[in-house]
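Here's the structure, in structure tokens; my notes come after.
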Amino acid sequence: PGDQEAGELGLAAVPGRQAAFRQGLEAAVRYARAVGCPRIHVMAGRVPLGTDMAEVAGEMETTFIENLRYTADLLSQEDMIGLLEPINNRITDPRYYLNTPHQAAAILEKVGRPNLKLQLDLFHCQIMDGNLSRNLQTYFPLIGHIQIAQVPGRHEPDSPGELNFPCIFKLLESLGYTGYVGCEYAPKGDTLEGLGWLRSYWESRGLQHCGTNKAAK
């Protein structure tokens, strides 16, 4: 994430911070190796204070692509995947550089490395673009990880909001998604209480709370 006390939120697209980005990436790889995690979120970072996005967009894209190619080469030695997450700039972070799946897909195409993928947080995607079903279908070949939260409160999937998560989960199954779905939300209560929606969902699908079919022994 860079120097968060100084207002940074990632470094991969920030001009002049390439050396710090590479140091942070190498540290992240060591942590990932130690805990057996094969995926690393490569945070793009914020548009520098005092500058306009339109003025620095070209330089930031060039920096991002350069750093992502370095990332891909390093992660390929570890059999790891780098993930790019668009973060909405309407509510969460007005200065974040990477904010739509369309922008991320275009960057991934320019970088052209198979071990870089899209980390699609449906909360951010809904705020920026909506059209979730079509976006999931369109960008499915690029997706390396999915995160969920209800919109606009960013709470549990069964909390009041705009998204129909049973429908979304059914679509992911039909697309053949076999990866993790990260619960990137703020629970209203404690963690176990906040997972009540998952137990209800499993039961609606005839599954036990451990996620296995009742017929399985």
For N135, enumerate each residue passing the side-chain contact (heavy atoms from CB on, under 4.5 Å) test, keeping only those at least two apart in sequence or located in another chain. H102, C125, D129, N131, Y139
Could you list all the side chain to side chain donor-acceptor pair (under 3.5 Å) pairs where at least one residue sits in residues 16-26, not counting sequence neighbours? E8-R17, E26-Y70
Per the side chain to side chain donor-acceptor pair (under 3.5 Å) rule, what does the pair list look like for residues 45-58, sequence neighbours excluded? R46-D93
Under a 3.5 Å distance rule, please check whether Q137 uses its side chain to pair with a backbone N or O of L171 as donor and acceptor. no
Whether the side chain of R90 engages the backbone of I127 through a donor-acceptor N/O pair (distance < 3.5 Å, no angle test) should be reported. yes
For Y96, the side chain to side chain donor-acceptor pair (under 3.5 Å) test, sequence neighbours excluded, returns none
Taken in chain and number order and not counting sequence neighbours, the residues that satisfy side chain to side chain donor-acceptor pair (under 3.5 Å) with N88 are T92, H124
Quick one: does [X]'s side chain get under 4.5 Å of [Y]'s, heavy atoms only?
X	Y	result
V47	P94	no
E85	Q147	yes
L11	N67	no
V29	L75	yes

Enumerate, atom names and distances included, each donor-acceptor pair closer than 3.5 Å involving a side-chain atom of residues 157-164, sequence neighbours excluded.
{"from": "S159", "atom 1": "OG", "to": "E156", "atom 2": "O", "distance (Å)": "2.5"}
{"from": "E162", "atom 1": "OE1", "to": "Q126", "atom 2": "NE2", "distance (Å)": "2.8"}
{"from": "N164", "atom 1": "OD1", "to": "C167", "atom 2": "N", "distance (Å)": "3.2"}

Under the rule for ring pair (Phe, Tyr, Trp, His ring centres under 6.0 Å), what residues qualify as partners of Y201, not counting sequence neighbours? F169
Under 3.5 Å donor-acceptor pairs involving side-chain atoms of residues 187-195, not counting sequence neighbours:
{"from": "D190", "atom 1": "OD1", "to": "L192", "atom 2": "N", "distance (Å)": "3.3"}
{"from": "D190", "atom 1": "OD1", "to": "E193", "atom 2": "N", "distance (Å)": "2.7"}

Sequence neighbours excluded, the answer for salt bridge (charged side-chain N to carboxylate O under 4.0 Å, His left out) partners of E173 is R205
Could I get the full list of salt bridge (charged side-chain N to carboxylate O under 4.0 Å, His left out) partners for E78, not counting sequence neighbours? R33
Could you list the donor-acceptor pairs under 3.5 angstrom formed between side-chain atoms of residues 105-115 and any protein atom two or more places apart in sequence or on another chain?
{"from": "K110", "atom 1": "NZ", "to": "E61", "atom 2": "OE2", "distance (Å)": "2.7"}
{"from": "R113", "atom 1": "NH1", "to": "D73", "atom 2": "OD1", "distance (Å)": "2.6"}
{"from": "N115", "atom 1": "ND2", "to": "A72", "atom 2": "O", "distance (Å)": "2.9"}

State plainly whether one hydrophobic cluster holds both I148 and L175, where clusters connect Ile, Leu, Val, Met, Phe, Trp and Tyr through side-chain heavy atoms under 4.5 angstrom apart. yes
Note: C183 and W197 closest approach over all heavy atoms is SG-CZ2, 3.9 Å
If you round to the nearest 0.5 Å, how far is CD of Q150 from NE2 of H155? 10.0 Å
Where at least one partner belongs to residues 20-55, residue pairs that pass ring-ring contact (aromatic ring centres under 6.0 Å, His included), sequence neighbours excluded: none
